[in-house]
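To start, the structure under review is shown below, and the notes come after it.
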Amino acid sequence: VQLQASGGGLVQAGDSLRLSCAASGRSSWTIIFMGWFRQAPGKDREFVGRISWSGGRTWYDDSVKGRFIISRDGAKNTAYLQMNNLEAEDTAIYYCAADTGGLGYEMVSDRAYEYWGQGTLVTVSS
């Protein structure tokens with residue numbers, strides 16, 4: 001499974017931005033969940049949210065709940081992270097990651113995800 005994340009950039013506080021994560025490869029049909037993580041400068045990587053690939057159910061970290069929305073387009077094999085009302089604290093490299101169910105860790109753990117995109121930088125100026 002290959003994941004290609006895109007859509008990052010420099011925005012101002014209060015703006016919106018949408019990230020995309022395109023999945024490809026012969027094993028992409030095995031994706032069960034697509035997660036989004038972020039890593040701010042000097043901090044550990046943290047869970048943002050995830051979506052079930054078939055049913056579209058979503059989960060979010062409390063820090064983004066109500067501001068971020070995760071969706072997916074099955075026909076395009078692409079997940080999206082719509083980020084609204086961005087804050088300076090949202091500045092980070094954002095990663096998408098695919099869980100095919102083989103590792104058994106909790107969804108908030110990055111160890112639950114076997115495949116990772118390259119990351120896309122989001123910078124929010126205050």
Less than 4.5 Å apart, side chain to side chain, heavy atoms only: is that true for [X] and [Y]?
X      : Y     : answer
Leu81  : Tyr94 : yes
Tyr113 : Phe47 : yes
Asn84  : Gln82 : yes
Glu46  : Arg38 : yes

Can you measure from [atom1] ([X]) to [atom2] ([Y]) and round to the nearest 0.5 angstrom?
X      : Y     : atom1 : atom2 : result
Thr58  : Phe33 : OG1   : CZ    : 11.5 Å
Ile32  : Ile51 : CD1   : CD1   : 14.5 Å
Cys21  : Gln4  : SG    : CD    : 8.5 Å
Thr123 : Leu86 : OG1   : CG    : 11.0 Å
Ser16  : Arg18 : OG    : CZ    : 12.0 Å
Glu87  : Ser63 : CD    : OG    : 9.0 Å

Backbone of Ile70 reached by a side-chain donor or acceptor of Tyr60 within 3.5 Å: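 Checking the backbone N and O of Ile70 against the side chain of Tyr60, a donor-acceptor pair under 3.5 Å is found.
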Salt bridge (Lys or Arg N to Asp or Glu O under 4.0 Å): pairs with one or both residues in residues 99-126, sequence neighbours excluded: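 Output for this query lists Arg45-Asp110, Arg50-Asp99.
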Sequence neighbours left out, cut at 3.5 Å: what donor-acceptor pairs do the side chains of residues 71-78 make with other protein atoms?
residue : atom : partner : partner atom : Å
Arg72   : NE   : Trp53   : O            : 3.1
Arg72   : NH2  : Ser54   : O            : 2.6
Asp73   : OD1  : Ala75   : N            : 3.0
Asp73   : OD1  : Lys76   : N            : 3.2
Asn77   : ND2  : Ala23   : O            : 3.3
Asn77   : ND2  : Ser28   : OG           : 3.3
Thr78   : OG1  : Lys76   : O            : 2.9

Pair listing, disulfide bond (SG atoms under 2.5 Å apart) test, anchored in residues 38-86, at least two apart: none
Which atom of Leu3 lies closest to which atom of Cys96, heavy atoms considered: CD1-O, 3.8 Å
Nearest atoms (heavy-atom pairs only) where Asn85 meets Asp90: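 For Asn85 versus Asp90, the nearest heavy atoms are O-OD2, 4.5 Å.
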Validation row, ring centre Phe37 to ring centre Tyr95 under 6.0 Å: no
